[in-house]
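So the structure is just underneath, and the comments pick up after that.
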Amino acid sequence: MRQETFFEFIKKTRFPFFITWPLNLAYVAIVTSLIYQGIKANIGTAIVGPLFITVGFIGLKLFIYGKAYRMYSAGGRAIKELSGRVIQVFENVGIYIKGFDLLDQNKFYPPDINKTIYDFDFADVILTEGTLILMGKNKNFGVDTYAYPVEITIGNQGFTSLPKAKLLDWQQNGKRVEIQIEDSQYNKPIKIDIKDRTEEIKRWLTRHIDYDG
């Protein structure tokens, strides 16, 4: 799970058209203009200019993919760190976030890509011997986008290098399970409604909360 290399990730990932098409159109327009001007005035411009723009265009795309891959692959590294431990993995679990405000951060600068943005509708959920890992993701315009994963702990101990949040409370909410967490990156607690695999997650919460208490 999430063990793809960077180039395997690029092959399987497609960004929304409103991100890629403006870049592609701008690239084609600039290169066409340089070639046209170069043919009329300076052949060197027709060769060097497009080459320079092409290198920059590829570099920009690799930068964008690199940022997305870093968030995606953090989940894969966490799974490797859990090697030898008993875990349960549930993919594409429906999630509903309550009480999250991106402007409620403790600090905005410097920007931190490792900060979890709790703005997702699905998550891959991993239950460990004492923590719950959320790997949030969205599907917008048919494309998966990823949030940086977070390891939710009952006490202070975690098993991975992921950012940590603390489980404050949980309750049954109809057919859903609602957990309340405290992430030190934000000022207020965050509530997360888990829509799927609720029986398994409820058993895990009951077992570990009772044990911890």
Side-chain angles (χ1 to χ4, degrees), residues 1-13 65-97 100 112-139 144-172 176-186 189-213:
M1 181 181 178
R2 298 200 179 196
Q3 301 300 315
E4 292 89 345
T5 66
F6 177 54
F7 290 104
E8 287 172 341
F9 175 76
I10 290 177
K11 287 180 181 179
K12 67 173 283 187
T13 304
Y65 275 106
K67 292 295 184 183
Y69 179 70
R70 182 174 176 180
M71 290 185 281
Y72 175 84
S73 63
R77 289 195 302 274
I79 290 174
K80 288 182 178 179
E81 291 170 345
L82 292 170
S83 177
R85 296 184 180 274
V86 177
I87 64 173
Q88 291 178 281
V89 179
F90 306 121
E91 297 188 58
N92 299 316
V93 174
I95 297 290
Y96 176 65
I97 308 292
F100 173 68
D112 183 5
I113 192 174
N114 296 337
K115 182 182 297 183
T116 303
I117 306 298
Y118 295 90
D119 184 19
F120 45 82
D121 300 318
F122 298 90
D124 295 331
V125 177
I126 299 178
L127 303 180
T128 79
E129 297 164 357
T131 65
L132 184 154
I133 296 174
L134 278 183
M135 303 181 186
K137 55 187 177 181
N138 277 324
K139 186 175 285 292
D144 287 333
T145 56
Y146 302 93
Y148 204 93
V150 61
E151 184 173 17
I152 299 171
T153 66
I154 295 174
N156 295 317
Q157 182 182 10
F159 301 123
T160 73
S161 56
L162 292 175
K164 304 294 186 290
K166 186 176 181 179
L167 179 65
L168 298 178
D169 195 10
W170 76 276
Q171 64 180 0
Q172 184 83 30
R176 303 179 181 183
V177 170
E178 179 184 279
I179 63 174
Q180 185 178 42
I181 66 171
E182 181 181 65
D183 188 322
S184 61
Q185 299 281 5
Y186 300 94
I190 299 166
K191 292 182 179 180
I192 302 174
D193 263 10
I194 302 173
K195 303 178 183 180
D196 307 315
R197 311 308 296 250
T198 53
E199 288 303 315
E200 295 95 330
I201 292 171
K202 185 170 67 173
R203 283 197 297 269
W204 180 91
L205 287 165
T206 302
R207 182 170 67 251
H208 287 83
I209 293 290
D210 289 347
Y211 177 80
D212 186 64

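Because only heavy atoms are used, hydrogens play no part in the values below, and waters and symmetry mates are left out as well, while side chains stay in.
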Only counting residues at least two apart or in another chain, list the ones meeting salt bridge (charged side-chain N to carboxylate O under 4.0 Å, His left out) with [X].
| X | answer |
| --- | --- |
| R70 | none |
| E81 | none |
| E91 | none |
| K137 | D124 |

* Asked: What residues form a ring pair (Phe, Tyr, Trp, His ring centres under 6.0 Å) with F100, not counting sequence neighbours?
  -> Y118, Y186
* Asked: Can you name the residues that form a ring pair (Phe, Tyr, Trp, His ring centres under 6.0 Å) with F9, not counting sequence neighbours?
  -> Y69, Y72
Which heavy atom in [X] sits nearest to a heavy atom in [Y], and how many Å separate them?
| X | Y | answer |
| --- | --- | --- |
| V150 | K164 | CG2-C, 4.1 Å |
| P149 | P163 | O-CD, 3.5 Å |
| G75 | R2 | CA-CD, 4.3 Å |

* Asked: In a check of side-chain contact (heavy atoms from CB on, under 4.5 Å) between H208 and each of T131, I154, L127, L132, which one passes?
  ->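 Checked T131, I154, L127, L132 against H208; only one passes side-chain contact (heavy atoms from CB on, under 4.5 Å): I154.
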* **Ionic contact status for K11 with E8, cut-off 4.0 Å** => no
* Asked: Salt bridge between K166 and E182, side-chain N to carboxylate O under 4.0 Å?
  ->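 Salt bridge absent between K166 and E182.
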* Should we count OH of Y65 as having more than 12 external heavy atoms under 6.0 Å? ->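 Enclosed.
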* **Stepwise side-chain contact (heavy atoms from CB on, under 4.5 Å) test for I133 and T160** => CA-CA 9 Å; I133 296 174; T160 73; 4.0 Å; yes
